[in-house]
Amino acid sequence: MNTMPFEPYHPGADPEEAARRFYEVQRQRRSVREFSTRPVPRGVIEWCVRAAGSAPSGANKQPWRFVCVSDRALKGRIREAAEAEEREFYARRATPEWLADLAPLGTDPSKPFLEAAPWLIVVFKLARTDEGGHVYYLNESVGIATGMLIAAIHHAGLVTLTHTPSPMGFLHTVLDRPEHERPFLLLPVGYPAEGCRVPAIGRKPLGEIAVFHEG
Ligand code: IYR
């Protein structure tokens, strides 16, 4: 059997205090739809993507690509294509139930944040490794990495939105990605617009999201 070298691993101290502090930070995170045009240096985006890339993945295949766009023309083309899909979605594709569920959020086919935000990070999942090999637990792996990316963006003092234009095949074409890369999620990243407001949503209490079987 061909095993890799193993190394010592040291977890942090005082898990309860650390867990509480992390919760206090993460609970401040909100999905934001109104972005400032204030620039964000590329270095900040690079650190956030490194954090995402530290995620666990099936057999450590790291089946993700984070395409980071600040180019104005490219953002314009993404907005145009996304809005075309969204117009179809709101006019025809969405079920009445879906539209009713979205109504309180006030979303519509207009996506100005795709041009206003200084960065768009388009997350692609790799159906195969770059070398053509198998990947495992693809959606789980890329979902975890994306969650870590969102946490990193929030931790950096920036905001983002988990945007899912559907279908999002156009991102493959517009960004000229190879065949084995499939669009997964689009994240505008930046600062909130001045006077930005977010819907007053609540989060389920622990008792509704957790079940304990204690020994
Ligand atoms: N992708 C559309 C619709 C949309 C769907 C869900 I589920 C949301 O939570 C929000 C929006 C849009 O971006 O408008």
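What you see below is based on every heavy atom in this structure, not just the backbone, and it leaves out hydrogens, waters and symmetry mates. Whatever order the structure lists them in is the order used to number ligands and atoms, beginning at 1.
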Non-hydrogen side-chain atoms of Tyr137 and Ile144 separated by less than 4.5 Å: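 When only atoms from C-beta onward are counted, Ile144 and Tyr137 do not touch, as no gap falls below 4.5 Å.
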Min side-chain heavy-atom separation Leu187-Leu161 under 4.5 Å: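 Leu187 does not reach Leu161 side chain to side chain.
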Proximal atoms of ligand 1 relative to [X] (non-hydrogen, under 4.0 Å):
X	value
Tyr90	2 (C), 3 (C), 12 (C), 14 (O)
Phe89	3 (C)
Lys111	12 (C), 13 (O), 14 (O)
His163	13 (O)

Nearest-neighbour protein heavy atom for atom 7 (I) of ligand 1, which is reported as residue plus atom name and distance: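 Heavy-atom neighbour on the protein nearest atom 7 (I) of ligand 1: Trp98 NE1, 3.5 Å.
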Check: Ala117 main-chain N/O paired with Lys75 side-chain donor or acceptor under 3.5 Å: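 Looks like yes, one N/O pair under 3.5 Å.
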With Glu46 via side-chain hydrogen bond (donor to acceptor under 3.5 Å, both in side chains) - residues at least two apart: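 So Glu46 forms a side-chain hydrogen bond (donor to acceptor under 3.5 Å, both in side chains) with Arg42.
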Whether Phe35 and Phe113 hold their rings parallel, tilted or perpendicular, with breakpoints at 30° and 60°: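 If you compare the ring of Phe35 with that of Phe113, the planes turn out tilted.
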Thr164, Thr107, Leu102, Leu161: member with heavy atom nearest to atom 9 (O) of ligand 1: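 Considering heavy atoms of Thr164, Thr107, Leu102, Leu161, the nearest to atom 9 (O) of ligand 1 sits in Leu102.
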Min N/O separation Glu86 to ligand 1 under 3.5 Å: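 Looking only at distances, the answer is yes, because the N/O contact criterion of under 3.5 Å is met.
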Side-chain ion pair, Glu80 and Arg77, N-O less than 4.0 Å: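 Arg77 and Glu80: not salt-bridged.
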